[in-house]
Amino acid sequence: MRTRSKVLIALVAVLLVVGLAVRSRQAAIGESLFARAVDARVGRDATAGLPDGLHVALCGTGSPLPNPARAGPCNVVIAGKHIFAVDAGEGSGRNINVMGLPLGRIEGVFLTHFHSDHIDGMGPLMMMRWTAGTNTAPLPIHGPPGVDRVVAGFNAAYAIDDSYRTGHHGPKIAPPSGAGGIALPFALPGPGTGDRVVVLEEDGLKVTAFRVDHGPVKPAVGYRFDYKGRSLVLGGDTAKSPTVIAAARGADLIVHEALQPRLVGAMSRSLAAKGSANLAQIMRDIVNYHTTPEQAAEVAKAAGVKELVLSHIVPAIPNSFFYPAFLGDAATRFGGPIIVGEDGMMFSLPAGSSEIKQTRLM
Ligand SMILES: [Zn+2]
Ligand SMILES: [Zn+2]
């Protein structure tokens, strides 16, 4: 037998023995690996060591269309020591957890509008923020008029669960006063009268809400965060709108929604052909109150922002192979970087620099 064949047989034999040994001890090995992995992750704080400045972490880049890779719309904004969430779509609270962002330290949520996909993760987010931080006051939830009804509804729906948590873990760990949320509604000036209002100002951070065009959904807003010379705009759900361009003027980074009508068209044609006339019509309807990737690029250019991140990705595209089909010719309409947002991405704008650094938290 040639030496090469002997070596090969010996290698297969060794692998077989190792495989059998691992299999016979699979439970013990699994338990040990699990404990080590947990120890490496539990208590991780992804904000520790971040430079002073503005940071936005994408905790949900999806839409109402099911996509296992993308939670519902959600952004976490870190400004110095302050942490906020903007929208809380389904699955976003779990993402925030996995990303190592300290849920218990979230000081407030800013809602852009009350479409289900932007609020259907509010219950879990409020519950996890309460218990993770042993918070003794409800979570402040900023939003346009209507936010009080939404928050009251979630508080009512979760009241029984809240009582179970306190009953089971005790009031020291789950103090009843910290459960749920408290609505902080703000009013926008009338259309065409500036279209924006400052909703929070503290420690050098200014948060401005601005009107967007998501009709018939009204009110609908986006938010601009300014902190120590850096600025970040979250456009909310909107058709291409001059109010977004005005609010985003000169910002470092804009996170803009994007819907590709050519791909959505394929969905509506297929649904119609299979007899789902209602869903086919819904697919046709949604095109008129969203922005195409190409239009988002035009918004970024007109506003003079440095970088464009697309989020609220419609339709659900399975992986990055489809990004060119999704983006179309967006790159010809904006000279800066265009990034298709993915859950777990973070963009950092350190104070005192013009740098935009991209990292991944999961
Ligand atoms: Zn919407
Ligand atoms: Zn939406």
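Excluded from the calculations below are hydrogen atoms, water molecules and symmetry mates; all remaining heavy atoms, backbone and side chain alike, are included. The residues of the chain are indexed from 1 along the displayed sequence. Counting convention: from 1, in listed order, for ligands and their atoms alike.
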TODO: Would you please classify the geometry between the Tyr289 ring and the His115 ring as parallel, tilted or perpendicular, with 30° and 60° separating the classes?
DONE: perpendicular
Open item on the list: Out of the candidates Phe84, Phe186, Phe210, only one should pair with Phe110 under the ring pair (Phe, Tyr, Trp, His ring centres under 6.0 Å) rule; please name it.
Closed with: Phe84
Open item on the list: In the structure I gave you, are the side-chain heavy atoms of Val109 and Leu139 within less than 4.5 Å of one another anywhere?
Closed with: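 Counting from C-beta outward, Val109 and Leu139 do come under 4.5 Å.
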- [ ] Using only heavy-atom distances, determine whether the side chains of Asp195 and Thr243 contain a donor-acceptor pair under 3.5 Å.
- [x] no
I'd like a table of donor-acceptor pairs (distance under 3.5 Å, sequence neighbours excluded) in which one partner is a side-chain atom from residues 262-269, with atom names and distances.
residue, atom, partner, partner atom, Å
Ser268, OG, Val264, O, 3.4
Ser268, OG, Gly265, O, 3.1

- [ ] Return yes when at least one N/O/S atom of Asp117 is nearer than 2.8 Å to the Zn ion (ligand 2), and no when none is.
- [x]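 Checking Asp117: at least one N, O or S atom is under 2.8 Å.
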- [ ] Check whether any N, O or S atom of His115 sits under 2.8 Å from the Zn ion (ligand 2).
- [x] no
Open item on the list: With carbon and hydrogen excluded and only N/O/S kept, which atom of His118 is nearest the Zn ion (ligand 2)?
Closed with: NE2
Open item on the list: Just to confirm my numbers, could you give the angle made at the Zn ion (ligand 1) by NE2 of His113 and NE2 of His214, rounded to 10°?
Closed with: 100°
- [ ] Can you tell me, to 10 degrees, how wide the angle at the Zn ion (ligand 2) is between OD2 on Asp237 and NE2 on His312?
- [x] 100°
